[in-house]
Amino acid sequence: MPKHILVAVAWPYANGPRHIGHVAGFGVPSDIFARYHRLKGNYVLMVSGTDEHGTPITIAADNEGLTPRQVVDRYNQVIGDDLYNLGLSYDTFTRTTTLNHYQVTQDVFRTLYEKGYIIRQETMGAFSATTGRTLPDRYIEGTCPICGYHEARGDQCDNCGHQLDPADLLNPRSKIDGQPPVFRETEHFFLDLPAFAERLRQWINKQEHWRPNVRSFSLNFIKELKPRPITRDLDWGVPIPLPEYEQRDDKRIYVWFDAVIGYLSASIEWANNRGTPEAWRDWWQNRQAQHFYFMGKDNIVFHTVIWPSQLMGVFSDGQYAGSAIGAFAEIPLQLPYNVVSSEFLTMEGKKFSSSRGVVIYVNDFLSRYDPDPLRYFLTIAGPENQDTDFTWSEFVRRNNDELVATWGNLVNRTLTNVYKNFAAVPTPGPLQPNDEALLAEVEGGFASCGELLEAARFKAALTETMRLAAQVNTYLSDQEPWKVLKQDRERGATIWYVALRCVANLRILLTPFLPFSCQQLHEYLGYEGYLAGPLNFQAYTEAHGMSHRVLTGDYESWVGTWAIADLPVGQALREPKPLFKKLDERVVAEELARMEEGRK
RNA sequence: GUCGGGGUAGCUCAGUGGUAGAGCAAACGGCUCAUAAUCGUUAGGUCGCGGGUUCAAAUCCCGCCUCCGACACCA
């Protein structure tokens with residue numbers, strides 16, 4: 001019985017290009033997971049988009065002499081291209097500046113407001129003296145009133161570690177233009193998190209399948225919940241859908257409140273775009289559906305506390321959830337089933353830092369290297385359980401000694417031998433026990449690797465699959481078919497047949513991790529169609545006349561399935577070429593020099 | 001300051017009560033079909049330090065050293 005699986009992927013922030021640490025955390029793992037479930041025959045809906053509101057966008061715009069709209073248009077394009085080039089198979093990768101997203105966000109806000117979960121409160125806010133915009137705490141610096149440190153931030157002193165209120169700073173000034181901030185009373189809307197505390201506690205307590213750190217961190221976090229402000233004094237964001245605010249352009253919904261709503265709005269957009277406007281309910285108003293969220297560890301509370309509160313608050317009400325009829329009627333919006341958070345990737349032992357030049361952007365990386373080696377590295381050596389380090393020398397080594405040597409070479413030696421000697425899948429003679437044993441072990445990968453993938457243990461899953469590839473190399477070394485073929489053509493053909501069948505199965509087992517090279521292999525083996533793909537961009541124009549680009553794909557046309565591969569005897573092979581390139585050791589020095597150059 | 005995470009073979013990392021693991025690097029050997037790729041064997045660790053619980057601890061508890069992260073109006 002196929003399951004409905006929502007793969008909800010963190011929304012990359014559109015204030016600049018994304019580096020490989022970002023895609024290591026949310027992108028590659030979520031795509032492996034989605035591709036696996038599609039191959040299994042489950043109904044996968046994978047959604048995300050660029051997150052385009054908030055103060056950093058307006059600052060980036062000021063710095064570059066552009067409007068916020070121009071900034072997000074540029075980086076939506078860049079980031080979308082990156083994800084496409086990495087083969088991240090979103091059903092819908094959209095953006096938060098669509099009309100649809102504004103409408104869904106406003107509906108959630110209005111529904112929560114009408115149900116009493118959003119309250120108004122006057123607060124003291126800091127504003128830029130020059131632009132009049134909200135000045136977030138971290139953009140204010142001054143002298144720490146406790147230790148006298150001169151560069152304390154508004155929210156915390158980095159020297160003595162005390163938490164601060166920006167109003168306490170001595171000589172406060174804006175980090176953006178150096179001017180002292182203006183403090184004044186301002187009304188804001190607050191999400192009443194304490195109203196959800198007990199429901200959250202009970203719900204999180206039951207989630208024993210979550211990674212332990214996610215669960216305990218969240219349980220700890222909800223011990224002291226306060227109402228959380230969800231609006232900002234800013235002219236860039238989703239307007240507040242109340243009569244007295246709708247025409248004002250100085251107060252908007254806080255970027256985090258609307259960004260998580262993107263998971264829902266993108267699902268609704270997906271359904272509209274494909275002409276089945278109710279189809280999103282199969283995932284959102286279906287108690288059997290499972291929702292998996294992928295993000296970096298810095299985002300955990302937004303996905304385990306704040307977003308679930310919003311969902312609990314809306315429940316089955318509002319313009320969208322409340323309009324359900326038939327089987328979907330009065331079914332509450334589904335809460336996360338699992339929240340898969342990753343740790344952080346570092347770069348040559350340091351934190352990624354665009355300003356300090358300690359960075360490699362995805363588009364820069366892919367201009368010189370192929371996507372599959374990057375996907376391989378980020379899976380086998382990525383920050384799944386703890387922070388891990390990206391180094392160029394380790395990347396070259398993993399590529400040359402593991403990906404190329406173990407898997408690439410197995411494919412290449414098998415295909416070139418079979419192509420040269422038979423040009424097609426050879427007819428085997430009777431299989432011997434060691435032939436059967438190898439096939440059984442490799443075919444067992446569908447169960448062993450599949451189990452690991454379902455548990456979101458990507459590193460272990462890939463390790464297991466690579467172990468199987470190494471087993472086939474061992475088999476070939478033992479059997480020496482290139483020798484046997486000279487004396488006993490039938491036995492030689494049998495050995496190559498067995499190896500080829502293993503390769504055909506590994507082609508499927510590795511597809512979630514290495515979609516591009518597995519497609520290539522699929523074709524060399526003489527199969528037709530898309531093993532898993534293709535991705536494409538579609539432009540959609542909304543009611544207000546503006547159009548935007550969506551990354552999507554024709555995944556229903558896939559011919560791959562997560563099951564023992566059928567390899568018809570006599571199927572003609574295509575002339576093979578190596579799947580991967582071996583990298584020269586010199587690229588390590590070149591890339592380090594390039595990074596050094598960027599730091600100047 | 002509070003909370004949390006890490007410290008396991010030369011390197012990068014698995015491993016949450018039962019004789020210490022993988023990959024790479026190293027040494028030796030086999031093969032030479034294949035992108036000088038592959039296969040085998042060997043060597044290599046008092047699992048940060050000290051104490052405790054247990055028949056049994058890398059794994060649970062306490063203390064310490066050390067590195068890192070989070071601490072909510074940055075996303």
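Numbered from 1 within each chain, the chains take letters A, B, ... in sequence-line order.
Among the heavy atoms of the strands, none lies under 4.0 Å from A:Thr406. Contact annotation for A:Pro578: base contact, defined as any heavy-atom pair under 4.0 Å involving a base atom. Nucleic acid contact class of A:Asn220 (heavy atoms, under 4.0 Å, all strands): sugar-phosphate only. At a threshold of 4.0 angstrom between heavy atoms, the contacts of A:Phe302 include nucleobase atoms, whether or not backbone atoms are also involved. Within the nucleic acid shown, A:Ala381 has no heavy atom closer than 4.0 Å to any nucleic acid atom. Within 4.0 Å (heavy atoms only), A:Leu579 reaches at least one base atom of the nucleic acid. Contacts of A:Glu343 with the nucleic acid, taken as non-hydrogen atoms under 4.0 Å apart, are absent. Here A:Lys483 lies in heavy-atom contact (under 4.0 Å) with sugar-phosphate atoms only. Residue contacts for A:Glu224: at a heavy-atom cut-off of 4.0 Å it reaches a base atom on one of the strands shown. A:Asn15 comes within contact range of no nucleotide atom at all, as no heavy-atom separation falls under 4.0 Å. Within 4.0 Å (heavy atoms only), A:Val301 reaches no atom of the nucleic acid at all.
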Should A:Phe422 and A:Tyr497 be marked as a ring pair (Phe, Tyr, Trp, His ring centres under 6.0 Å) after you check the CA-CA gap, both sets of side-chain angles, and the distance that decides it?
CA-CA 10 Å; A:Phe422 308 96; A:Tyr497 169 80; over 10 Å; no

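Figure legend: cation-pi geometry between A:Arg228 and A:Phe190 absent, as NZ or CZ is not positioned both under 6.0 Å from the six-membered ring centre and within 45° of its axis. Under the 6.0 Å distance and 45° angle rule, A:Arg574 does not count as a cation-pi partner of A:Tyr524. The side-chain tip of A:Lys297 points at the ring of A:Phe344 from less than 6.0 angstrom away and within 45° of straight on.
Within the 4.5 Å cutoff, the side chain of A:Asp82 has no heavy atoms near those of the A:Tyr361 side chain.
The interatomic distance linking A:Glu384 (CD) with B:C13 (P) rounds to 13 Å, in whole Å. Taking atom NZ of A:Lys582 as the reference point, atom P of B:U38 lies 8 Å away to the nearest angstrom. Rounded to an integer number of Å, the gap from CD of A:Glu394 to C1' of B:C13 is 9 Å. For the pair A:Lys577 NZ and B:A34 C1', the interatomic distance rounds to 16 Å; values are reported in whole Å. Between A:Asn400 atom CG and B:A25 atom C1' there is a gap of 14 Å when expressed in whole angstrom units. What separates CG of A:Asp298 from P of B:C74 is a distance of 14 Å, to the nearest Å. We find that CZ of A:Arg457 is positioned 6 Å from P of B:G15, with the value rounded to whole Å. In this entry the distance linking CG of A:Asp387 with P of B:G6 reads 11 Å, nearest Å.
One P atom belongs to B:A75, the other to B:A70, and the distance between them is 15 Å to the nearest Å. Rounded to whole Å, the P atom of B:C74 lies 33 Å from the corresponding atom of B:A14. Taking the P atom of each, B:G21 and B:U16 are spaced 15 Å apart, rounded to whole Å. Taking atom P on both nucleotides, B:G45 is separated from B:U66 by 27 Å, rounded to a whole Å. With C1' as the reference atom, B:G30 and B:C39 are 7 Å apart, rounded to whole Å. Distance check on atom P: B:A58 versus B:A9 gives 14 Å, rounded to whole Å. Going from the P atom of B:U38 to that of B:A26 covers 12 Å, rounded to whole Å. Separating the P atom of B:G4 from that of B:G63 is a span of 12 Å, rounded to the nearest Å.
Comment: A:Lys582 does not engage A:Asp401 in a salt bridge, judged by the lack of any side-chain N to carboxylate O separation of less than 4.0 angstrom. Remark: A:Glu187 does not engage A:Lys251 in a salt bridge, criterion side-chain N to carboxylate O under 4.0 Å. Checked for salt-bridge contact, A:Lys581 and A:Asp372 miss the test: no charged N lies under 4.0 Å from a carboxylate O.
Closest to the side chain of A:Val255, out of B:C33, B:G69, B:A75, is B:A75. Set against B:U38, B:U12, B:C31, the side chain of A:Arg398 has B:U12 as its closest nucleotide. In the set B:C39, B:A34, B:A72, B:A34 carries the atom at the smallest distance from any side-chain atom of A:Arg413. Comparing atom distances between the A:Ala470 side chain and each of B:C33, B:A14, B:C39 picks out B:C39 as nearest. Looking at the side chain of A:Lys297, the nearest of the listed nucleotides B:G69, B:U38, B:C73 is B:G69. Of the listed nucleotides (B:A70, B:U35, B:A75), B:U35 has the atom at the smallest distance from the side chain of A:Asn412. Here B:G23 is the nucleotide among B:G23, B:U32, B:C24 with the atom lying nearest to any side-chain atom of A:Glu402.
Applying the 4.0 Å criterion to OP1 and OP2 of B:A22, one finds that A:Lys459 has every side-chain N and O outside that range. Proximity of A:Thr55 to the phosphate of B:C73: no side-chain N or O atom is located under 4.0 Å from OP1 or OP2. Phosphate proximity of B:C39 to A:Tyr475: absent, as no side-chain N or O sits under 4.0 Å from OP1 or OP2.
Nucleotide B:A22: paired with B:U12 (Watson-Crick or G-U wobble, both distances less than 3.5 Å). Across all strands shown, B:C74 forms no Watson-Crick or G-U wobble pair with both distances under 3.5 Å. As the counterpart of B:C31, no nucleotide is assigned, since no Watson-Crick or G-U wobble pattern has both distances under 3.5 Å. For B:C64, the paired base is B:G48 (Watson-Crick or G-U wobble, both distances below 3.5 Å).
Sequence order on RNA chain B of the closest nucleotides to A:Asn299 and A:Leu476 puts A:Leu476 first from the 5' end. Nearest-nucleotide positions on RNA chain B for A:Arg397 and A:Thr474 put A:Arg397 closer to the 5' end.
For the atom pair CD of A:Glu490 and CG of A:Asp488, the computed distance is 6.5 Å after rounding to the nearest 0.5 Å.
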